[in-house]
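The structure appears right after this line, and notes come after that.
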Amino acid sequence: MLSKFPHLRQDFLASIVVFLVAVPLCVGVAVASGVPAELGLVTGIVGGIVTGLLPGSSLQVSGPAAGLTVLVFEAVTEFGVAALGVIVLLAGLLQLAMGFLGIGRWFRAISVSVVEGMLCGIGLVIIAGQIYAAAGLKAPDSGLGKIAGLPGAFVDAFGSTKALTSLAIGAGTIAVIVLWTRMPKAVRTVPGALAAVVLATAVMLAFGLPVATVQVEGLLDVVQPPGSDAFGELASPAIWGTIIAFALIASAESLFSAAAVDRLHNGPRTEYNKEMIAQGAGNTLCGLLGALPMTAVIVRSSANVSAGARTKASRVLHGVWLLLFAAAMPWALALIPIPALAGILVHAGWKLIPFRQITALWRAHKGEALILVVTAVSIVAVNMFEGVLIGLALSVVKTAWEASHLKLEVIDKGAGPIQVYLTGNATFLRLPKIMDSLEALPQDRPVELDLSGLHHLDHACRTALENWAARHSAAGTEPVKVKETETSPESEKVTAA
């Protein structure tokens with residue numbers, strides 16, 4: 001047995017660690033998304049057993065992610081829980097198509113600033129929303145509303161003993177998670193999130209605290225394949241934007257997570273198109289079961305690597321343990337205080353905010369830092385899908401602007417021809433600057449135009465330069481002399497007539 005599976009012991013132990021990390025996160029993400037807690041476990045099971053068996057990334061773990069909580073909550077609020085399965089199903093099929101078409105690797109080209117901004121915006125919305133949940137209060141629907149309403153929420157909480165008790169449980173959960181990292185290594189074999197939930201549950205039961213707990217419906221009761229009414233929602237154009245958002249954001253998060261996990265170990269590298277197919281297969285099945293969408297999740301993946309996992313067996317086994325837990329111990333879910341789960345998600349949301357990256361980017365690349373901040377603010381102010389689109393558009397504009405970097409130098413020695421040097425990239429974006437400078441030159445002086453320093457000269461600029469040269473030469477002066485790069489003799493020459 002051991003000769004066939006030489007790493008079975010390491011993978012078995014790692015799977016236990018990942019399982020213990022996954023349980024509170026699966027339940028917490030589901031509750032925060034506005035769906036039954038068991039659906040989070042269903043997604044975790046599919047992510048472990050189904051996606052875990054498929055090729056792509058060997059040590060990456062998939063399941064319900066805090067990063068999609070905001071988008072799922074918005075979808076459930078707008079279209080209902082019944083339509084969630086259809087959305088996830090079609091998002092999964094879209095991921096499969098992208099994987100088979102070889103688009104997976106292109107997600108590596110997405111600006112890191114946009115992804116970091118997306119995570120930052122999601123983190124802010126999660127933190128704001130879960131503070132209400134920790135206090136047992138109803139949160140406003142919009143991201144801005146959640147943040148703007150926090151002062152009033154704290155005033156309401158401090159005026160209610162029940163809300164204060166609930167808030168104390170949430171705050172205590174965060175404190176345990178933070179302090180757990182300073183405990184001895186032997187103690188830290190138990191994940192901090194799990195220890196925090198167990199302690200919060202024990203305190204609530206010991207003192208009979210009036211705190212809301214997770215509502216349990218049973219695993220089979222919550223698995224609801226989408227029916228004809230749910231598919232009828234596809235007639236609404238709005239739902240297609242949500243489907244595309246699910247597919248693109250889940251894919252980007254999974255593939256960026258894969259790149260991060262690859263840096264944590266020396267094993268086989270991720271095959272991005274195969275990983276896209278694996279994620280698509282998992283989401284397709286989750287959709288058929290009416291469960292939450294999945295992505296690869298860095299917290300569980302890093303726990304898997306840190307625990308000594310060597311092969312994909314560890315992530316598959318963690319899915320098996322989730323299945324056994326959901327089937328044999330559903331009653332345990334009903335004991336978990338909701339503010340404890342809120343505390344776990346507040347901590348998770350805080351870790352999504354890239355404080356160090358923002359500082360480093362601002363020092364080295366202020367434009368990238370601006371993209372990050374604008375993406376985050378847009379997600380909070382509008383919604384996740386449109387916020388990401390704004391970030392991507394800003395990234396494209398910045399790249400186009402940088403690609404058209406141009407330096408124009410005019411040397412006039414007072415006698416003889418005026419010398420004009422163009423270096424860099426001459427594109428239509430810089431055409432106004434070029435023409436303003438050339439048209440300001442004296443009409444009665446000969447001009448030498450040196451284009452040999454240009455890396456690129458697009459058609460719009462070439463045509464404009466030809467027209468200007470013809471006009472300037474017609475004024476009774478010597479024809480404009482043009483020097484072009486010798487590296488592209490086949491290109492059209494700028495002529496003076």
Side-chain angles (χ1 to χ4, degrees), residues 10-33 37 39-54 56-69 119 122-123 126 177 180-181 188-197 250-251 253-265 267 270 275 278-279 282-283 286 291-326 341 344-345 347-352:
Q10 295 96 320
D11 289 333
F12 178 82
L13 294 175
S15 73
I16 298 296
V17 173
V18 179
F19 161 70
L20 295 176
V21 172
V23 169
L25 289 172
C26 288
V27 175
V29 168
V31 172
S33 300
L39 286 182
L41 292 173
V42 171
T43 300
I45 292 165
V46 174
I49 298 177
V50 177
T51 303
L53 281 170
L54 295 174
S57 176
S58 60
L59 299 182
Q60 182 163 253
V61 181
S62 299
L68 286 178
T69 301
L119 296 177
I122 292 168
I126 288 174
I177 294 173
W180 203 255
T181 58
R188 283 188 279 117
T189 54
V190 177
L194 181 67
V197 167
S251 300
E253 192 169 335
S254 295
L255 298 183
F256 270 89
S257 173
V261 173
D262 280 351
R263 291 196 291 268
L264 299 177
H265 66 88
T270 296
E275 179 63 16
Q279 295 294 324
N283 273 320
C286 285
L292 290 170
M294 74 166 62
T295 74
V297 274
I298 191 64
V299 174
R300 272 157 273 184
S301 301
S302 59
N304 190 37
V305 175
S306 299
R310 300 293 183 85
T311 71
K312 66 176 64 176
S314 61
R315 62 187 190 179
V316 175
L317 285 173
H318 118 274
V320 173
W321 309 145
L322 284 174
L323 176 61
L324 293 176
F325 173 80
L341 297 177
I344 290 174
L345 288 171
H347 182 260
W350 181 263
K351 295 187 75 172
L352 288 176

Separation between CG (Asp262) and OG1 (Thr270), nearest 0.5 Å, reads 3.5 Å
Considering only heavy atoms from C-beta outward, does the side chain of Val17 approach that of Asn304 to under 4.5 Å? no
Scanning both residues in full, the closest heavy-atom pair of Ala296 with Ser254 reads N-OG, 3.0 Å
Would you indicate whether the side-chain heavy atoms of Gln60 and Arg315 approach each other to under 4.5 Å? yes
- Looking at side-chain heavy atoms only, is the closest gap between Lys312 and Leu59 below 4.5 Å? no
Ala303 meets the side-chain contact (heavy atoms from CB on, under 4.5 Å) criterion, sequence neighbours left out, with Val21
* **Expected output: side-chain Asn283 to main-chain Met294 donor-acceptor under 3.5 Å** => yes
Determine all donor-acceptor pairs shorter than 3.5 Å in which one atom belongs to a side chain in residues 40-52; sequence neighbours excluded.
unit_1 : atom_1 : unit_2 : atom_2 : d
Thr43  : OG1    : Leu39  : O      : 3.2
Thr43  : OG1    : Leu292 : N      : 3.1
Thr43  : OG1    : Leu292 : O      : 2.8
Thr51  : OG1    : Ala278 : O      : 3.4

(message) Could you tell me if the side chain of Val29 sits less than 4.5 Å from the side chain of Leu345, heavy atoms only?
(response) yes
Here the gap from Phe19 atom CZ to Ser314 atom OG, rounded to the nearest 0.5 Å, amounts to 14.5 Å
Using side-chain heavy atoms (C-beta onward) and a distance below 4.5 Å, is Ile122 in contact with Ile126? yes
Report task. Dump the intermediate steps for side chain to side chain contact (heavy atoms under 4.5 Å, CB included) on Gln10 and Ser15, then the final yes or no. Result -> CA-CA 9 Å; Gln10 295 96 320; Ser15 73; over 6 Å; no
In short, Val61 meets Ser301 closest at the heavy-atom pair N-OG, 2.9 Å
Scanning both residues in full, the closest heavy-atom pair of Ala250 with Leu68 reads CB-CD1, 4.1 Å
* Asked: Above 12 or not: heavy atoms from other molecules or residues under 6.0 Å from CH2 of Trp180?
  -> yes
CG (Leu323) and CG (Leu317) are apart, to the nearest 0.5 Å, by 12.0 Å
dist Ile344:CD1 -> Leu194:CG (nearest 0.5 Å) comes out at 8.5 Å
Closest non-hydrogen contact found for Pro24 with Val197 is CB-CG2, 4.0 Å
Interatomic distance, NE2@His347 vs CD1@Ile177, rounded to 0.5 Å, equals 5.5 Å
Gln279 side chain to Ser62 side chain, donor-acceptor N/O pair below 3.5 angstrom: yes
